[in-house]
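Because the structure is a prediction, the values reported are computed rather than measured.
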Amino acid sequence: MMAIKSHHCCFSFIFLLLPLLLQLHSVKGDLQLNYYAQSCPNAEEIIKQQVIKLYNKHGNTAVSWVRNLFHDCMVKSCDASLLLETVNGIESEQKSDRSFGMRNFKYVKTIKDALEQECPRTVSCADIVSLSARDGIVLLGGPRIEMKTGRKDSKRSYLSEVENIIPNHNDSMELVLSRFQSIGIDTQGIVALLGAHSVGRVHCVNLVHRLYPTVDPTLDPDHAEYLKGRCPTPDPDPEAVLYSRNDRETPMILDNTYYKNLLKHKGLLVIDQQLTSDPTTSPFVEKMAADNGYFHDQFARAVLLLSENNPLTGDEGEVRKDCRYVNSE
């Protein structure tokens, strides 16, 4: 009788444990902190040091890493599909008009080569995209963000879908909000993400429609004259280096000067200025303009959500040897 009770107790215990065991199995392939702790313990430090070295040589790389994260993770998944070049039937997402002005892709290879030397075929290009953005944000004076890793790389690109997913600079605020909300980012997170426009620059191609033939009435007149000096023709050459900084005061610091400028009608892009006129976003613009810490907190939260958008994990993707091409075997 005691033996029967003992077996019954054992089976009951296993039955109670079963949901927990199944839960643990289901999250096994999910992203996790320190994913490379065993397989490549120095992976995150290697990425960080390479990002710092590149920043010291080419300061604009830090801005590129942030933009890479946005363009990669918005389209389907954080899977490094953005980095694939046009070859063997694959058409690169970099060919899209939405990718206009993106650069420094060649330096992703610098980071990847350093990782391959330490831990061959271990660290994914998708994790490089996310972690380089994280480290670039710090170099730009932004917040430190704890990111999970374990993303895998896609085996295809999504050029045909880029323009249906990545908002354009002159899209309506309603459309921009819906695109971001579709991946789980709320309104204040969206306003914070657009604060990335605090750094970098805008090519005149994307500005002149606000200057010619007449100046956009929502643009500060004195600022419009400055922009005309930067963009003296209504038909600028896309290949020429004709641009204006998003923020003339702290152009390479990720701070709330961007929002202060919006309140002064000095936003460069249509989408920037719409943040102040839309009743759903304007309260957050005012709050971020008044509190840089609040901006950083919301920016960190939104970047984290973006970096975890629908990642490929486990056997869903691969770890590319070269971020520009899918593996041949």
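Heavy atoms only, all atoms of each residue included: Ala300 and Pro143 are closest at CB-CG, 3.9 Å. The shortest non-hydrogen separation linking Leu211 to Ala224 is CD2-O, 3.9 Å. For Leu306 against Cys73, the heavy-atom pair with the smallest separation is O-CB, 3.3 Å. Taking every heavy atom of both residues into account, Ser307 and Cys78 meet most closely at O-SG, 3.3 Å. Across every non-hydrogen atom of Asp153 and Ala80, the tightest pair is OD1-CB, 3.8 Å. Nearest heavy-atom pair across Leu275 and Thr281 is O-OG1, 2.7 Å.
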Open item on the list: I'd like to know whether Cys125 forms a side-chain contact (heavy atoms from CB on, under 4.5 Å) with Val108, so could you lay out the CA-CA distance, the side-chain angles of the two residues, the decisive distance to 0.1 Å, and finally the verdict.
Closed with: CA-CA 8 Å; Cys125 300; Val108 176; 5.8 Å; no
Task: Pair Asp186-Arg301, salt bridge (charged side-chain N to carboxylate O under 4.0 Å, His left out): steps then yes or no - done: CA-CA 10 Å; Asp186 59 19; Arg301 182 179 65 86; 2.9 Å; yes
TODO: Starting from the C-alpha separation in whole Å, work towards a yes-or-no answer on side-chain contact (heavy atoms from CB on, under 4.5 Å) for Gln298 and Val191.
DONE: CA-CA 9 Å; Gln298 295 305 314; Val191 175; over 6 Å; no
- [ ] Test side-chain contact (heavy atoms from CB on, under 4.5 Å) on Asn261 and His223 and set out the steps.
- [x] CA-CA 10 Å; Asn261 285 336; His223 196 56; over 6 Å; no
- [ ] Step by step, work out the side-chain contact (heavy atoms from CB on, under 4.5 Å) result for Leu115 and Ile47.
- [x] CA-CA 8 Å; Leu115 289 164; Ile47 293 173; 3.8 Å; yes
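Checked by atom type and distance alone, the side chain of Arg144 never pairs as donor or acceptor with a backbone atom of Arg134 at under 3.5 Å. No donor-acceptor distance shorter than 3.5 angstrom exists from the side chain of Arg151 to the backbone of Val129, with no hydrogens or angles considered. With hydrogens and angles disregarded, no donor-acceptor distance shorter than 3.5 Å links the side chain of Lys321 to the backbone of Ser328. The backbone N or O of Ala114 sits nowhere less than 3.5 Å from a side-chain atom of Gln117 that would complete a donor-acceptor pair. Looking at Asp72, its side chain does come within 3.5 Å of a backbone N or O of Leu82 through a donor-acceptor pair. Checked by atom type and distance alone, the side chain of Arg245 never pairs as donor or acceptor with a backbone atom of Thr250 at under 3.5 Å. Without hydrogens or angle criteria, Thr86 side chain to Ser92 main chain gives a donor-acceptor distance under 3.5 Å. Using modelled atom types, no side-chain atom of Asn168 and backbone atom of Asn170 make a donor-acceptor pair closer than 3.5 Å. Judged by distance alone, with hydrogens and angles left aside, the side-chain atoms of Gln273 form a donor-acceptor pair with the main-chain N or O of Leu262 at under 3.5 Å. Side-chain atoms of Glu93 come within 3.5 Å of backbone N or O of Tyr158 as a donor-acceptor pair.
With Leu84 as the fixed residue, the side chain to side chain contact (heavy atoms under 4.5 Å, CB included) test singles out one of Gln94, Arg324, Arg320, Glu91: Arg320. Here the rule is side chain to side chain contact (heavy atoms under 4.5 Å, CB included) with Leu219, and of Leu227, Leu268, Leu207 only Leu227 fits it.
Within the cation-pi definition used here (under 6.0 Å to the ring centroid, within 45° of the axis), Arg230 qualifies as a partner of Tyr243.
The CG atom of Asp171 sits 11.5 Å away from atom CG of Leu177, with the distance rounded to the nearest 0.5 Å. Rounding to the nearest 0.5 angstrom, the gap separating the OG1 atom in Thr187 from the CE atom in Met173 is 9.5 Å. Rounding to the nearest 0.5 angstrom, the gap separating the CD1 atom in Ile128 from the CG atom in Leu83 is 8.5 Å. Here the CD atom belonging to Glu45 is positioned 10.5 Å from the CD atom belonging to Gln50, to the nearest 0.5 angstrom. The NZ atom of Lys266 sits 14.0 Å away from the CG atom of Asn246 when rounded to the nearest 0.5 Å. Once rounded to the nearest 0.5 Å, the distance linking CG of Asn310 with CD1 of Ile183 reads 10.0 Å.
The environment of CG in Asn88 is sparse: at most 12 heavy-atom neighbours from other residues, nucleotides or ligands sit within 6.0 Å. Within 6.0 Å of atom CD in Gln181, more than 12 heavy atoms from other residues, nucleotides or ligands are found, so the atom counts as buried in its surroundings. Within 6.0 Å of the NZ atom in Lys76, the count of heavy atoms belonging to other residues, nucleotides or ligands does not exceed 12. With a 6.0 Å radius and a threshold of 12 heavy atoms from other residues, nucleotides or ligands, Asn56 has its CG atom above the threshold. Few gaps surround NZ on Lys228; more than 12 heavy atoms of other groups in view lie less than 6.0 Å from it.
Grouping the Ile, Leu, Val, Met, Phe, Trp and Tyr side chains by contacts below 4.5 angstrom, directly or via other members, places Val326 apart from Val75. Under the 4.5 Å side-chain heavy-atom criterion for ILVMFWY residues, no single connected hydrophobic cluster contains both Leu193 and Val138. Val285 and Val270 fall into different hydrophobic clusters, where Ile, Leu, Val, Met, Phe, Trp and Tyr residues are linked whenever their side-chain heavy atoms come under 4.5 Å apart, directly or through other members. Criterion: ILVMFWY side-chain heavy atoms under 4.5 Å apart, direct or through other members. Under it, Tyr226 and Val208 are part of a common hydrophobic cluster. In the hydrophobic clustering of ILVMFWY residues, with side-chain heavy atoms under 4.5 Å counting as a link, Ile90 and Val162 come out apart.
Side-chain atoms of Tyr36 and Thr122, non-hydrogen and from C-beta on, do get closer than 4.5 Å to each other. At a threshold of 4.5 Å between non-hydrogen side-chain atoms, the residues Ile185 and Met74 do not count as touching. At least one side-chain heavy atom of Phe295 sits less than 4.5 Å from a side-chain heavy atom of Leu254. Counting heavy atoms from C-beta on, the side chains of Arg121 and Glu116 come closer than 4.5 Å. For the pair Met252 and Val63, the minimum side-chain heavy-atom distance is below 4.5 Å. Tyr107 has its side chain out of reach of Lys53: every pair of non-hydrogen atoms, C-beta onward, lies at least 4.5 Å apart. Annotation: side chain of His169 is not in contact with side chain of Val202 (no heavy-atom distance under 4.5 Å).
Using cut-offs of 30° and 60° for the angle between ring planes, the Tyr258 and His197 rings count as perpendicular. The aromatic rings of Phe180 and Phe70 sit parallel to each other, their planes meeting at less than 30°, with 60° as the upper class boundary.
In this model, a donor atom of one side chain and an acceptor atom of the other lie less than 3.5 Å apart for Arg210 and Thr218. Using modelled atom types and a 3.5 Å distance limit, the side chains of Asp127 and Tyr35 yield no donor-acceptor pair.
For Asp247 and Lys260, the salt-bridge test fails: no basic side-chain N is under 4.0 Å from an acidic carboxylate O.
A ring-centre distance under 6.0 Å is not found for Phe299 and His296.
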